[in-house]
Amino acid sequence: MKKNLFLMLAVLLTIAIASCKKSVDNPSAQKEETTDPAKKVYHYIIGLGFPAHTIVEHANEFIVEEDIIFPKNMQVPGAVGTEQYYTGSVVSASKVTNIRLYIDASMTSMTSEINSAISQWNSIPGCTINWTVVSSGTYDVLIQDYNLGSGVCGQGTFPSGGAAGGLIRINKAYIAGNSFAQRARTICHEMGHNVSFRHTNWKAIGESTATDVPGVGGTDASSIMNGGQCGSGATVLSTNDKNAAVALYH
Ligand SMILES: [Zn+2]
C-alpha cells in the first residue's frame, strides 16, 4: 500500500514536472522532450524491466538497484526488451575480445586485485571475453575509487551500443579491510556487470526480473554474480558463471 502510494506520488510528481516544463518552455520544448538523452536512458532502463522505484537519478547518471550505473549520455540501443539475454545488450563479438581497462590513479593500489579479477574472466575455456590493462591512449572501461558510502562495495555499468559498460566504481576505503580474495571478488563482480550480467540471486534479494542466459538459468549459491554479498560472497567464478559467460560470448 505504501509502495502504491509512493508510485502514485512519483507519477503525480512526474506529471507536475512535465506540465511545469511545458508552461515555461517555448513551443519547441515538445520536440526537446523526445530527444532529451537522459529521458531516453530513463525509458531504456524501464524497458529493461527495472521498476521506476529502483531508479535513482543523479546529475549525470541513473543508479539502479544500488550497483548499476546508467550514464545519461549512454548510447541507447534501438530495440529494447525482446532480446533473450540479461540486459538486452551484450558486448559485440569484435569488442569483447579486447576490453581495454584503464586503472585510474585512485585505484593503482589495488592493481594486484584487478589483475586477479581479470585473470578469472580471461581464463574461462571457450569464452571470448578478454580484458587487457592499458596505461595510456584509448580505453573502454575506467575503474576508479569512489565513495559509495556504507553497504555498497562497487558499481558496474551495463554494455551499450556493443561496447562494454564504460565505468566501474570501487568503494576502496569500504573494502580495504576485506581479504585480498574478497577485494578481488568485488572487482570481478563489477566487471561481470560491465559485460551484461545481472545478479544471479535477483529474485532472493527482491530485484526486478532478470532474463536467464540461454541454457544457464536458475539460482547458484556459488555465483560470483550474486548481489548483496559484499565481503562475504564467492571469490571465484562458479561453473555456472563460466557456462553463462560462454553462452553469451563464444
Ligand atoms: Zn552487483
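Remember, it's 1-based here, ligands and their atoms both numbered in the order they're listed.
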Polar contact flag, side-chain donor to acceptor under 3.5 angstrom, S116-R183: no
Number of protein N/O/S atoms that sit closer than 2.8 Å to the Zn ion (ligand 1): 4
Qualifying disulfide bond (SG atoms under 2.5 Å apart) pairs, either residue in residues 180-228, two or more places apart: none
Straight-line distance of Q120 CD to I187 CD1, nearest 0.5 Å: 11.0 Å
CD/Q144: more than 12 non-hydrogen atoms of other groups inside 6.0 Å: yes
Aromatic ring pairing F158/F50, orientation class (parallel under 30°, perpendicular over 60°, tilted between): parallel
ILVMFWY cluster, I143 and V152 together (side-chain gap under 4.5 Å): no
